[in-house]
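See structure below.
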Amino acid sequence: MNEPPVGISDAGVLAIAQAHWDRDVDRVEHLPVGFGSWHWRASVAGTARLFLTYDLPKPGRHTAQTLETAYAGAASLHDAGLEFVVPPMRASDGRFTVPAGAGVLSATPWVAGERPAVADGVRPLLERLHATTPPALIAPWRPLVGPQFSEELAERIFVPWNHGPFGARARDAIRTALPEITRWAETYSRLGAAEDPDTWVMTHGEPHEHNQLLTGTGIVLVDWESLKLAPADRDIRTPGGLFDLEWRLDEIDQYATWFAGPHGATDDDREAIAGLETELSRA
């Protein structure tokens with residue numbers, strides 16, 4: 001996120017990092033990276049030591065407990081020999097998340113790397129992940145929106161969205177695209193109902209280039225909050241397939257909530273309205 005979160009300060013993040021992961025950390029710096037969670041670099045005498053992530057619960061998607069379970073699962077995968085998994089570190093109380101503000105804070109060791117130039121380089125890693133015995137308690141995939149999604153969305157756009165500068169624009173874009181949204185939701189529900197849980201494997205959920213780092217020893221995968229037992233296609237996202245539709249509908253759902261409520265004209269708001277319009281119009 002481009003702007004720091006509301007409800008937790010850099011000083012608060014620093015204090016938690018010192019108390020739970022590394023007492024020598026003397027500075028944290030908010031990083032304008034990612035979208036949906038907030039991140040900081042934690043340093044010791046100018047040298048990066050930790051990568052900190054602040055997650056808020058997302059109704060229907062994440063609670064503090066499901067985040068803890070996902071991060072614990074990622075640590076288990078790493079311990080089982082998947083060296084490309086960059087898992088969160090245990091906090092001083094043995095857990096992987098620490099309550100902070102309205103959400104939870106987690107930490108991974110700082111990993112120096114850059115985005116890979118070849119996107120397909122991650123495929124062999126995903127094949128290894130999919131062949132790994134699932135850790136205990138990992139949540140199974142469930143559809144993120146139901147068959148009545150478009151009808152519920154139609155009810156939400158029935159009233160004006162006048163709590164910020166992009167409300168009317170977002171509402172009009174969704175209203176125009178509602179017939180297509182209805183078709184996408186129907187197809188998504190049909191494809192989801194046809195899935196066989198007996199064939200499901202461990203999936204990262206978002207193994208795109210923003211969650212890959214090319215290091216001196218190869219590609220590693222970060223950001224394991226979406227770890228789930230699911231169809232392997234969840235990590236491939238075939239255009240027009242189940243998980244391509246899931247991404248699109250989930251983005252529309254989250255952006256609808258964003259712009260129906262109070263918002264401003266920050267860089268994050270501008271990125272969000274662009275994201276909504278992209279999902280509504282892309283092939």
Side-chain angles (χ1 to χ4, degrees), residues 1-78 85-111 135 137-139 144 204-206 210-211 213 220-228 250 254-255 257-258 261-264 266-269 271-272:
M1 301 289 279
N2 295 291
E3 284 80 29
V6 175
I8 183 170
S9 65
D10 285 0
V13 171
L14 175 60
I16 292 173
Q18 292 170 332
H20 288 278
W21 290 293
D22 192 333
R23 64 182 180 182
D24 293 329
V25 166
D26 54 27
R27 184 171 185 267
V28 297
E29 176 188 0
H30 174 255
L31 302 174
V33 296
F35 203 74
S37 299
W38 291 263
H39 305 284
W40 291 261
R41 177 194 293 113
S43 305
V44 178
T47 299
R49 185 73 66 85
L50 303 174
F51 183 79
L52 303 170
T53 298
Y54 179 60
D55 290 300
L56 289 174
K58 296 175 180 150
R61 293 161 181 81
H62 275 308
T63 65
Q65 185 54 51
T66 61
L67 284 166
E68 173 67 25
T69 301
Y71 289 150
S76 176
L77 291 171
H78 181 271
V85 176
V86 180
M89 301 163 58
R90 287 189 184 274
S92 60
D93 63 359
R95 291 172 59 83
F96 293 91
T97 57
V98 175
V104 295
L105 199 67
S106 59
T108 60
W110 183 267
V111 177
L137 303 179
I138 290 299
L144 290 182
H204 179 283
E206 297 184 7
H210 295 287
N211 288 331
L213 284 175
V220 297
L221 279 169
V222 300
D223 192 2
W224 290 87
E225 70 165 63
S226 299
L227 182 66
K228 277 186 172 57
D250 185 42
Q254 293 191 61
Y255 288 138
T257 299
W258 186 314
H263 62 277
T266 67
D267 288 343
D268 286 331
D269 293 309
E271 187 172 344

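Values reported hereafter were calculated over all heavy atoms of this structure, with side chains retained and with hydrogens, waters and symmetry mates removed.
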>> Quick check against the 3.5 Å criterion: does His20 have a side-chain atom that pairs as donor or acceptor with the backbone of Phe96?
In response: no
> Of the non-hydrogen atoms in Leu14 and Asp26, which two are nearest, and what is the gap between them?
Replying inline: CD1-C, 4.0 Å
> Side chain of His204, backbone of Asp223: donor and acceptor closer than 3.5 Å?
Replying inline: yes
> So which heavy atom on Gln18 is nearest to which on Val25, and how close?
Replying inline: NE2-O, 2.7 Å
>> Quick check: closest heavy atoms across Ala48 and Ser43, and the distance to 0.1 Å?
In response: CA-OG, 3.9 Å
> Do Leu56 and Trp38 come within less than 4.5 Å of each other through their side chains, counting heavy atoms only?
Replying inline: yes
> Would you say the side-chain atoms of Trp224 and Asn211 include a donor-acceptor pair closer than 3.5 Å?
Replying inline: no
> Which value, rounded to the nearest 0.5 Å, describes the distance between Lys58 atom NZ and Gln254 atom CD?
Replying inline: 6.0 Å
> Counting only N and O atoms by type, is there a donor-acceptor contact under 3.5 Å from the side chain of Glu225 to the main-chain atoms of Leu67?
Replying inline: no
> If every non-hydrogen atom of Val104 is compared with every non-hydrogen atom of Ala64, which pair is closest and at what distance?
Replying inline: CG1-CB, 4.0 Å
>> Testing the basics here: between Ile8 and Ala100, what is the closest heavy-atom pair and its distance to 0.1 Å?
In response: CD1-CB, 3.6 Å
> After noting the C-alpha distance and the side-chain angles of Ile16 and Leu52, does the key distance pass the side chain to side chain contact (heavy atoms under 4.5 Å, CB included) rule?
Replying inline: CA-CA 10 Å; Ile16 292 173; Leu52 303 170; over 6 Å; no
> What are the two closest heavy atoms between Pro57 and Thr63, and how far apart are they?
Replying inline: CB-CA, 4.4 Å
> When Thr266 is tested against each of Glu271, Met1, Glu3 for side-chain contact (heavy atoms from CB on, under 4.5 Å), which residue passes?
Replying inline: Glu3
>> Main chain of Ala72, side chain of Ser76: is a donor-acceptor contact present, judged purely on distance under 3.5 Å?
In response: no
>> With side chain to side chain contact (heavy atoms under 4.5 Å, CB included) as the criterion, how do Val222 and Phe51 come out once you've worked through the C-alpha distance, each side chain's angles and the decisive distance to 0.1 Å?
In response: CA-CA 11 Å; Val222 300; Phe51 183 79; over 6 Å; no
>> Could you measure the distance from the OG atom of Ser226 to the NE2 atom of His62? Nearest 0.5 Å is fine.
In response: 4.5 Å
>> Can you pull out every side-chain hydrogen bond (donor to acceptor under 3.5 Å, both in side chains) where at least one residue sits in residues 47-56? Sequence neighbours excluded, please.
In response: Asp22-Arg49, Ser37-Asp55, His39-Thr53, Asp55-Tyr71
> What is the distance from atom CG of Leu50 to atom OG1 of Thr108, rounded to the nearest 0.5 Å?
Replying inline: 7.5 Å
